[in-house]
Novice: 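Below you'll find the structure I mean.
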Amino acid sequence: MISFTLFRLFAFVLMLLPRAWRRNLFCALADTAYRFDQKHRRVIRANLDFAFDKSLSDEEVKDIGRYCYRNLALALLQVLENHRMSKKELGSKVSFMHEHYVDEAKESGRPIIFITAHFGNWEIGGPALGSQVIPNSAVHKALNNEHFSRYLKEARARFDLNMVEKHGAVKHLSKALKKGEAISMLIDQNTNRRDGIVINFFGKTARQTPAPAQLARKYNAVVIPLLIRTEDHENHTITFYKPIEVANSGDSAKDVLEATQKMADWLEGEIRKEPKFWFWVHRRWKA
């Protein structure tokens, strides 16, 4: 409780500073962390070497690594700012590309499953999707400290995001889809044998959650991929991509595997174009 109280005091003082000062401070902290955190620098290097078959130069690897740390720091700062930001203020920072995919899905009357990744500033992406495009339900993984966990959940829920706990999440997401509502899911993390299926990612085997494909098949939902990008960490763009259809043949395992692989292929293609935006600290190929 003491640590959380000190954190709230820090957040209060931080919000008194101009936005540019806050951003510069968090970028400086990120650069310092990158310099001394050898463990995660090795993880980033290993992931990049593994994914790109050691084709990236040392300088490219360093630039991507530094950006990973800065992006994480600014995502954390965004959580603090979300507690004080209005929907209108947040909306002024985010624009949208290919929103017609969402409009078409709404017109069809089918529920929507958004799939995305830890790509760009996800702490502004989720709230922008919920408050500016369509309210939706998303999975929230509780932190070890209940006070910090509640603080994070509240920062997201203020923007029409219905946060459901990871344990038992499928039940709540299914309920939303039955009502014709939208949900959003992350697909870029490693999973265990029980929760994931084996797919190909960057030419290597990896485990990925089949949940979006399973739910889409069961509830006839439209799967719309999306990612958020920025060039100045002030103005962000969410891009929607062509929906990924999930077949509904007599072989459910085949349908789910094919759709999950399509999702992995889409994400790999976008990461290859702009690798700096993805969070390479994940041990994606751990399994």
Side-chain angles (χ1 to χ4, degrees), residues 26-79 115-123 125-126 139 141-144 152 166 185-213 225-231 233 239 241 257 260-287:
F26 271 66
C27 285
L29 292 173
D31 291 343
T32 301
Y34 174 78
R35 179 179 178 184
F36 290 101
D37 188 1
Q38 296 184 23
K39 176 183 176 181
H40 290 102
R41 285 210 316 268
R42 287 195 294 267
V43 172
I44 293 172
R45 160 67 80 171
N47 280 337
L48 287 167
D49 284 348
F50 194 62
F52 291 96
D53 298 316
K54 298 185 177 181
S55 63
L56 300 180
S57 67
D58 289 343
E59 195 58 37
E60 287 176 313
V61 171
K62 290 179 181 177
D63 287 343
I64 293 172
R66 290 192 190 98
Y67 195 94
C68 278
Y69 274 73
R70 285 196 171 198
N71 192 56
L72 176 59
L74 293 175
L76 295 175
L77 174 60
Q78 189 65 47
V79 173
I115 58 170
T116 188
H118 294 90
F119 189 99
N121 191 330
W122 56 86
E123 291 297 347
V139 179
K141 183 178 180 180
L143 304 177
N144 293 331
L152 176 59
K166 185 175 182 180
M185 305 182 75
L186 292 161
I187 65 167
D188 61 333
Q189 293 177 296
N190 179 63
T191 60
N192 57 35
R193 288 179 178 272
R194 181 187 64 188
D195 299 327
I197 58 177
V198 177
I199 48 87
N200 183 291
F201 192 59
F202 279 85
K204 284 83 175 175
T205 56
R207 290 191 182 278
Q208 183 167 309
T209 176
L226 70 88
L227 292 172
I228 185 167
R229 295 173 173 83
T230 183
E231 293 302 327
H233 296 292
T239 302
Y241 296 82
L257 177 59
T260 303
Q261 183 61 62
K262 289 179 182 178
M263 296 176 198
D265 291 342
W266 158 74
L267 181 58
E268 177 186 333
E270 295 307 309
I271 293 173
R272 284 187 179 278
K273 293 175 187 176
E274 297 173 297
K276 71 176 184 178
F277 287 120
W278 194 45
F279 193 53
W280 289 93
V281 178
H282 288 153
R283 296 187 65 188
R284 184 64 181 92
W285 293 272
K286 182 178 179 181

Novice: Indicate yes or no for a side-chain donor-acceptor contact from Thr209 to the backbone of Gly196 under 3.5 Å, with no hydrogens or angles considered.
Specialist: no

Novice: Evaluate side chain to side chain contact (heavy atoms under 4.5 Å, CB included) for Leu257 paired with Ile197, printing each intermediate quantity in order.
Specialist: CA-CA 8 Å; Leu257 177 59; Ile197 58 177; 4.0 Å; yes

Novice: So Cys68 and Trp278, do their side chains get closer than 4.5 Å, heavy atoms only?
Specialist: no

Novice: Keeping Arg42 on the side-chain end and Asp37 on the backbone end, is there a donor-acceptor pair under 3.5 Å?
Specialist: no

Novice: Does Lys62 have more than 12 heavy atoms from other residues, nucleotides or ligands lying within 6.0 Å of its NZ?
Specialist: no

Novice: Shortest non-hydrogen contact from Glu268 to Phe202?
Specialist: OE1-N, 2.8 Å

Novice: Any idea which heavy atoms bring Val43 and Val281 closest together, and the distance?
Specialist: CG1-O, 3.4 Å

Novice: Just by modelled atom types, is the Asp63 backbone N or O under 3.5 Å from a matching donor or acceptor in the Lys276 side chain?
Specialist: no

Novice: Would you check if the distance from the ring center of Tyr67 to the ring center of His233 is below 6.0 Å?
Specialist: yes

Novice: Counting heavy atoms not belonging to Lys204, are there more than 12 under 6.0 Å from its NZ?
Specialist: yes

Novice: How long is the span from the CD atom in Gln189 to the CZ atom in Arg283, to the nearest 0.5 Å?
Specialist: 13.5 Å

Novice: Could you tell me whether a side-chain N or O of Gln208 sits under 3.5 Å from a main-chain N or O of Asn190, the two making a donor and an acceptor?
Specialist: no

Novice: Is there a side-chain contact between Leu56 and Ile64 (heavy atoms, below 4.5 Å)?
Specialist: yes

Novice: Any sub-3.5 Å donor-acceptor pair from Asn47's side-chain atoms to Trp280's backbone N or O?
Specialist: yes

Novice: Do the numbers put Arg284 on top of the ring of Phe201, so that NZ or CZ is under 6.0 Å from the six-membered ring centre and no more than 45° off the axis?
Specialist: yes

Novice: Do the side chains of Leu186 and Trp122 get nearer than 4.5 Å, heavy atoms only?
Specialist: no

Novice: If only atom types and distance count, is the side chain of Arg41 paired as donor or acceptor with the main-chain N or O of Gly65 below 3.5 Å?
Specialist: no

Novice: Tell me, do Pro212 and Ile187 make a side-chain contact under 4.5 Å, heavy atoms counted?
Specialist: yes

Novice: Would you compute the distance between atom CZ of Phe279 and atom CZ of Phe119 and round it to the nearest 0.5 angstrom?
Specialist: 14.0 Å

Novice: What are the two closest heavy atoms between Asn71 and Gly120, and how far apart are they?
Specialist: ND2-O, 2.9 Å

Novice: How close do Ala264 and Ile199 get, heavy atom to heavy atom, and via which atoms?
Specialist: CB-CD1, 3.9 Å

Novice: Kindly compute the distance separating CD1 (Ile44) from CG (Asp49), expressed to the nearest 0.5 Å.
Specialist: 12.0 Å

Novice: Could you tell me whether a side-chain N or O of Asn192 sits under 3.5 Å from a main-chain N or O of Arg194, the two making a donor and an acceptor?
Specialist: yes

Novice: With the side chain counted from C-beta on, respond yes when Arg70 and Tyr34 share a heavy-atom pair under 4.5 Å apart, and no when they do not.
Specialist: no

Novice: Answer yes when Lys166 and Asp195 have at least one side-chain N-carboxylate O distance shorter than 4.0 Å, and no when they do not.
Specialist: no

Novice: Any side-chain to backbone donor/acceptor pair from Glu274 onto Ile271? Under 3.5 Å, distance only.
Specialist: no

Novice: Would a 4.5 Å heavy-atom cut-off, applied to side chains only, mark Met263 and Pro225 as touching?
Specialist: no

Novice: Under a 4.5 Å cut-off applied to non-hydrogen side-chain atoms, are Leu227 and Thr239 in contact?
Specialist: no

Novice: Can you tell me if CZ on Arg35 sees more than 12 non-hydrogen neighbours from other groups inside 6.0 Å?
Specialist: no

Novice: How many angstroms lie between atom NE2 of His40 and atom CG of Leu72, to the nearest 0.5 angstrom?
Specialist: 10.0 Å

Novice: Using side-chain heavy atoms (C-beta onward) and a distance below 4.5 Å, is His282 in contact with Asp188?
Specialist: yes

Novice: Just by modelled atom types, is the Val79 backbone N or O under 3.5 Å from a matching donor or acceptor in the Glu123 side chain?
Specialist: no

Novice: Looking at every non-hydrogen atom in both residues, tell me the closest pair between Asn200 and Asp265 and how far apart they are.
Specialist: O-OD1, 4.2 Å

Novice: Do you know the tightest heavy-atom contact between Asn121 and Leu74?
Specialist: ND2-O, 3.5 Å

